[in-house]
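Scroll down for the structure; my scribbles are underneath it.
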Amino acid sequence: MRSIMLGNEAVARGAYEAGVRVVSSYPGTPSTEITESTARYSGIHTEWAPNEKVALEVAIGASVAGGRSMSAMKHVGLNVAADPLFTLAYTGVGAGLVVVVADDPGMHSSQNEQDSRRYAVAARVPMLEPADSAECRSFVLRAFELSERFDTPVLVRLTTRVAHSRTAVETGERLEAPLRAFVHDPAKYVMMPSNAKARRVVLESRIAELARYCEDEAESAGLHRWIRKGTRLGVVTSGIGFSYAEEALPDASILKLGMVWPVPVGLVRRFAATVDRLVVVEELDPVLETELRAAGIELEGKGLLPRIGEYSAATLRRALGDDDRKPAAFAPGSLPEAPVRPPVLCAGCPHKGVFLALARVKAVVCGDIGCYTLGALPPMKAMDTCVCMGASIGMAHGMDMAAGREFAARTIAVIGDSTFLHSGMTGLLNTVYNGGASTVLILDNSITGMTGHQQNPSTGKDIHGNAAPAVDLEALCRALGVRRVRVVDPNDTFATERALREEMAVPEPSVLIARSPCALLPDACRDDVLYRVEPSACTKCRACLKAICPAMSGGYDGPVVIDPEMCNGCGLCARFCKFDAIRKEDATS
Amino acid sequence: MTSSLLSCNILLAGVGGQGTLVAGRILGEVALTLGLDAKVSEVHGMSQRGGSVVTYVRMSPSVGSPLIDEGEVDYLLAFEQLEGLRWAPSLVQGGTLVVNALMIRPLTVSIGAATYPEGIPDLLERAAAGRAKVIALDGSALAAANGSPKSLNVVMIGVFAARSGLPKEAFVSAIDRVFPEKLRAMNQSAFAAGFEKGRTA
């Protein structure tokens with residue numbers, strides 16, 4: 001059947017057709033929909049893990065027990081899962097195991113722009129790279145075959161434009177991949193030095209076999225494509241780079257690599273011999289370029305094309321092709337500039353009350369990864385650092401240790417519920433253990449928000465929305481050794497401020513849990529309660545606009561207006577009004 | 001859509017939460033029904049939080065890049081005025097710009113740090129000076145009148161369907177495939193309202 005699918009949905013389809021039994025992941029843009037989609041197929045056990053390391057370990061266990069398994073994550077998630085990955089390369093697999101990693105060139109929704117192909121090289125794991133949804137499906141199927149044939153995990157790399165584009169896919173039936181028998185084989189699976197030394201040798205001979213496969217078989221297996229056109233220009237590329245090259249350089253011959261590591265140097269050498277000029281088109285790092293140059297192949301790459309950001313067909317046209325453009329409808333300068341529209345915290349978002357409080361206490365705020373990173377933007381500007389998942393707590397402690405107790409009294413770590421459970425817990429344990437005095441603010445909105453509402457161990461639901469045990473955050477923090485644990489309502493920004501000041505003044509670690517559900521959760525939408533401005537009472541002082549709410553406007557020529565379609569009824573604005581002009585209304589009456 | 005009948009680049013521009021993703025899915029289904037290749041490129045994640053969002057839709061016998069380069073947009077469907085202004089430079093000469101009258105003020109404007117330009121549809125019409133067809137409509141009102149303000153995306157698709165000359169039935173069946181049973185009638189009605197607006201514009 002032919003249908004149009006998101007790249008991520010096609011990865012899930014490929015996994016389904018490959019007979020996958022277990023999928024475990026942690027959400028992260030642009031990879032999230034892979035796991036959301038496998039959860040919709042019967043016959044696949046899908047779960048959200050608290051972080052990528054655990055997710056990959058679950059997949060490894062499933063594979064050793066004899067079931068095909070998969071784990072999907074974003075590029076920075078692979079950093080977290082790197083520890084098991086590197087040793088998984090030594091043990092190999094029981095049944096097929098595929099790790100899908102989605103890079104984000106251009107950083108649409110990420111804190112860095114790392115190139116995951118480096119992990120294939122460093123961990124010595126083969127990597128496939130599809131260019132569209134049809135290949136997402138077929139390459140995942142192929143990846144499972146390779147995983148079992150060569151006894152290796154296989155990485156499948158996507159980039160945002162592959163993961164988040166919908167293109168046509170021809171689907172097939174699910175294969176029967178019966179559970180393989182578990183084999184007790186400590187020499188293969190117990191990686192202590194004596195065993196690992198032997199597996200290290202196996203790893204190298206496996207890579208040599210994979211390199212031969214990549215040279216000799218991968219083209220007929222549908223992974224590489226050699227498109228013979230003109231001889232003036234030849235392009236070596238992979239993934240989304242192929243789509244851009246195909247469009248921008250219609251006369252060029254193209255060698256499209258579907259298996260990007262090991263690099264098929266011999267194949268590229270044969271291709272190079274057929275063209276006058278060879279260019280490597282790869283976003284981000286010069287991974288292919290470096291290996292091909294080392295093999296003595298003459299080519300151009302990053303000298304011609306950028307190392308930073310996404311490419312497009314226009315990038316290649318400008319550098320290599322015919323840059324003839326059709327005339328535009330609007331002459332340059334004929335239109336006024338449009339004011340920017342940066343992302344904002346939503347109307348009713350419980351994080352706002354917290355960041356407004358943080359801005360007032362003038363704390364040094366170590367932030368973390370989530371919607372709440374938007375608290376760093378004007379007008380709140382209430383965040384000083386954001387590095388990676390879980391970093392806030394360790395960094396706040398480090399600041400305390402370096403800059404002394406007086407500085408520590410102004411330092412706060414801010415972290416979401418899902419991020420705390422991902423990798424913040426160990427940071428808190430460290431603070432307690434090492435005699436720190438940090439104040440940690442856990443923003444508990446009962447969901448993993450930014451990636452689009454995924455369940456986590458604090459929400460009381462599993463990936464299917466079924467009831468699951470919910471961790472007791474207060475008890476957890478106490479168990480880690482924090483004696484002062486309090487819960488506040490973030491929508492009461494002034495009470496939150498008072499609690500913050502009290503906890504910052506205390507010379508011991510404390511945790512404040514700001515608990516209020518994400519405004520976009522169906523249960524949280526307070527459709528029955530709205531706030532409205534009484535025009536006759538509004539003095540146009542604009543104090544309420546401090547609530548920084550996208551539902552509010554006006555206050556200059558006329559009174560402030562609250563858009564009833566957008567208001568989520570949090571009441572934050574009313575707390576700033578000294579004239580009682582903002583009134584609660586029962587919208588159902 | 002004469003010379004470009006078999007090849008068409010559509011840019012859906014709006015504000016996070018306005019339904020451009022679903023509109024992109026519908027257009028992808030339309031292309032498939034017509035036996036065309038299609039690529040629909042979306043933006044997820046952080047920028048969805050009330051920020052500017054675009055969805056690229058390309059249909060032709062064989063689509064390469066999922067992105068549309070600046071100056072290559074045949075149809076710009078702007079779900080909000082300011083987003084119409086923002087993306088207008090991407091429109092090709094002879095292209096069509098459909099702009100919804102809705103104004104969603106960015107926070108920079110509500111807090112007085114920036115100004116929302118007045119009369120954007122007229123500005124666009126004048127600046128195009130005949131080099132593009134500009135269609136201004138109150139799509140949000142049409143959507144509300146036909147069931148729900150949330151069907152703005154389908155109203156916009158209705159306008160596109162009428163202007164593109166692509167077979168109407170392909171749109172009708174795509175809408176039926178994308179929406180669950182209980183939302184179909186409402187969306188078909190919103191589509192018909194948009195189609196009528198596009199036909200007579």
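In what follows, chains carry the letters A, B, and so on, assigned in the order in which the sequence lines appear, proteins first and then strands, with residues in each chain numbered from 1. All values reported here derive from a predicted model rather than from experimental measurement.
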Proximal component of [X], with respect to chain A [non-hydrogen, under 4.5 Å]:
X	value
B:L97	side chain
B:R126	neither
B:L91	both
B:L82	both
B:A114	side chain
B:E80	side chain
B:T115	backbone
B:I104	both

Spell out, as yes or no, whether a donor-acceptor pair under 3.5 Å connects the side chain of [X] to the backbone of [Y].
X	Y	answer
B:T20	B:L12	no
A:K326	B:Q93	no
A:R2	B:L32	no
A:E283	A:G241	no
A:T167	A:S133	yes
A:S312	B:D69	no

Any residue meeting side chain to side chain donor-acceptor pair (under 3.5 Å) with A:T35, in chain and number order, not counting sequence neighbours: A:S25

Side chain to side chain donor-acceptor pair (under 3.5 Å) filter on A:E135, not counting sequence neighbours, yields A:K256

Do you know which of [options] has the most heavy-atom pairs with chain B at a distance under 4.5 angstrom?
options	answer
A:A163, A:A168, A:S553, A:A313	A:A313
A:L545, A:V162, A:I548	A:I548
A:G555, A:A329, A:P379	A:A329
A:K546, A:E33, A:E310	A:E33

Under 4.5 Å from any heavy atom of chain B, what part of [X] do you find: side chain, backbone, both or neither?
X	value
A:M566	neither
A:C349	neither
A:P30	neither
A:A248	neither
A:R317	side chain

Rounded to the nearest 0.5 Å, the NZ atom of A:K352 sits from the SG atom of A:C346 at a distance of 8.5 Å

Measure the CD1-OH distance between B:I157 and B:Y75 for me, rounded to the nearest 0.5 Å. 14.0 Å

Do [X] and [Y] have side-chain atoms, one donor and one acceptor, less than 3.5 Å apart?
X	Y	value
B:S7	B:S60	no
A:S243	A:R161	no
A:T29	A:D104	no

Taking only heavy atoms into account, what residues of residues 182-194 of chain B are found under 4.5 Å from chain A? none

Those residues of residues 129-139 of chain B, ordered by number, that approach chain A below 4.5 Å (heavy atom to heavy atom): B:R131, B:A132

Does the distance from a Lys or Arg side-chain N to an Asp or Glu carboxylate O, for A:R341 and B:E83, drop under 4.0 Å? yes

Ion pair present between A:R225 and A:E246, side-chain N to carboxylate O less than 4.0 angstrom? no

Which residue out of [options] racks up the most heavy-atom pairs below 4.5 Å with chain A?
options	value
B:G71, B:P66, B:G95	B:P66
B:E70, B:R86, B:K39, B:R105	B:R86
B:A88, B:A31, B:G24, B:G94	B:A88

If you define the side chain from C-beta out and look only at heavy atoms, does anything of A:L335 sit under 4.5 Å from B:P117? no

Would you mind reporting whether B:E42 and A:L6 have side-chain heavy atoms less than 4.5 Å apart? yes

Can you name the nearest heavy-atom pair linking A:N445 to A:I447, along with the distance? OD1-O, 3.0 Å

How are the rings of A:Y372 and A:H351 set relative to one another: parallel (under 30°), tilted (30 to 60°) or perpendicular (over 60°)? perpendicular

